[in-house]
> 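After the structure tokens below, expect a handful of questions from me.
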There are 2 protein chains.
Amino acid sequence: MKSLADRIEQYLKVLIERSDCKTLEVQRTELAETFGCAPSQITYVLATRFTREEGFITESRRGGKGYVRIRRVDRETVPNAGVCSQEEAFARLEVLLKRGLLSRREVELLKCVMSQKVLGPMGLETDFLRAKMLHAVCELLNV
Amino acid sequence: MKSLADRIEQYLKVLIERSDCKTLEVQRTELAETFGCAPSQITYVLATRFTREEGFITESRRGGKGYVRIRRVDRETVPNAGVCSQEEAFARLEVLLKRGLLSRREVELLKCVMSQKVLGPMGLETDFLRAKMLHAVCELLNV
DNA sequence: AAAGTCAAAGTCAATAAAAGTCAAAAGGAG
DNA sequence: CTCCTTTTGACTTTTATTGACTTTGACTTT
């Protein structure tokens with residue numbers, strides 16, 4: 001027995017495969033109407049079936065003429081090394097500052113480049129990536 | 001379905017690129033008439049899509065023979081949605097160094113954090129990611 | 001020159017049209 | 001029954017669009 005969510009998922013995936021650039025742009029409300037469900041159902045489908053781990057990146061715009069864009073990207077292999085959340089990374093940078101190994105400005109630069117906002121919709125691997133970045137910095141500093 | 005604001009934005013950007021000196025002068029009222037909208041809509045488009053951060057400078061004059069002038073200025077920035085190879089990114093960092101906006105050490109820190117080696121086996125998205133990182137740095141530096 | 005006129009552009013708040021959030025209710029598999 | 005997934009709806013936030021009102025500047029009249 002297929003659920004509504006399953007059917008919406010299927011529908012979107014067909015459209016994406018047919019599209020140029022593996023990119024699809026739809027309106028949440030419109031799609032919800034097509035399937036006769038609540039708009040938040042669409043959000044649910046995107047959140048559970050079009051995640052970064054599944055190989056999708058979604059972006060959207062609110063307000064008038066808003067949209068949801070789904071892009072299928074090549075799934076990369078995630079080698080399992082360390083992970084590091086934004087908070088953790090920021091804290092470690094502050095430590096390096098305290099120890100006099102980085103200047104305030106350097107910390108700010110690195111923070112902005114490691115922020116969740118920038119690493120953006122890359123999903124879980126964000127933390128993996130951040131760990132590698134931090135590691136590289138420490139190596140450069142010989143610490 | 002593009003919004004009106006999107007269409008006006010696109011229209012203006014085409015005209016700017018075609019123009020000499022990347023500079024365009026239009027009349028707000030006239031443009032509004034062309035698109036059949038309120039003049040304040042033009043103001044809105046300028047305020048949200050032709051900001052300094054996006055790489056544009058706008059000037060204007062009220063009253064008789066008034067105008068709006070839009071100039072695209074050079075940014076060392078990669079558009080937020082663009083892509084950027086390691087070589088390109090490194091070159092841009094060097095430019096920022098030459099311009100005195102970053103120190104040698106800061107450049108090295110950023111290079112190591114943006115290197116292919118660190119961003120690792122992320123495939124195509126590496127370039128996507130690097131563009132976002134560079135964009136964030138430029139934003140922080142206000143350039 | 002000072003004042004008045006008119007044609008610009010600017011401001012701002014109201015309204016509309018999306019998408020996001022989150023918790024609660026409903027379903028379904030064991 | 002219990003747990004996990006699905007589905008919904010009330011509420012929030014963001015973006016777009018408009019229109020009434022304000023400010024500015026060139027030109028005209030006194």
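Here is how names work: the chains are called A, B, and so on, in the same order as the sequence lines, proteins then strands, and each is numbered from 1.
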> Specify the residue among Ala38(A) and Tyr44(B) whose closest nucleotide of DNA chain D lies further upstream toward the 5′ end.
Ala38(A)
> From the set dT8(D), dT18(D), dG10(C), return the single nucleotide nearest to any side-chain atom of Val68(B).
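The answer is dG10(C).
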> Has the side chain of Arg62(A) got a donor or acceptor that lies under 3.5 Å from a partner of the other kind on the base of dT13(D)?
yes
> Name the nucleic acid region contacted by Thr29(A), choosing base, sugar-phosphate or nothing; use a 4.0 angstrom heavy-atom cut-off, strictly under.
sugar-phosphate
> Classify the nucleic acid contact of Tyr67(B) as base, sugar-phosphate or nothing, counting any heavy atom under 4.0 Å across all strands shown.
sugar-phosphate
> Heavy atoms from C-beta onward define the side chain here; which of dT7(D), dT17(D), dA9(C) lies closest to that of Ala5(B)?
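Nucleotide nearest to Ala5(B)'s side chain: dT17(D).
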> Across all strands shown, which nucleotide pairs with dG10(C) by Watson-Crick or G-U wobble geometry, both distances under 3.5 Å?
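Partner of dG10(C): dC21(D).
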> Between Arg72(A) and Glu17(A), is the closest basic N to carboxylate O distance under 4.0 Å?
yes
> Does the distance from a Lys or Arg side-chain N to an Asp or Glu carboxylate O, for Arg130(A) and Glu88(A), drop under 4.0 Å?
no
> Under 4.0 Å, heavy atoms only, any strand: does Leu4(A) hit a base, just the sugar-phosphate, or nothing?
sugar-phosphate
> Go ahead and name the base partner of dT30(D); Watson-Crick or wobble counts if both distances stay under 3.5 Å, otherwise write none.
dA1(C)
> With sugar-phosphate meaning primed atoms plus P, OP1 and OP2, does Arg69(A) contact a base, only sugar-phosphate, or nothing at under 4.0 Å between heavy atoms?
nothing
> Quick check: are there more than 12 heavy atoms from other residues, nucleotides or ligands sitting under 6.0 Å from CZ of Arg18(B)?
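Open.
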> Would you kindly check whether a donor in the side chain of Ser40(B) faces an acceptor in the base of dG19(D), or vice versa, at under 3.5 angstrom?
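Result: at least one qualifying N/O pair found.
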> So, Lys98(B) and Glu94(B), do they make that salt bridge, N to O below 4.0 Å?
no
> When all nucleic acid strands are considered with a 4.0 Å heavy-atom cut-off, which category describes Ser60(A): base, sugar-phosphate, or nothing?
sugar-phosphate
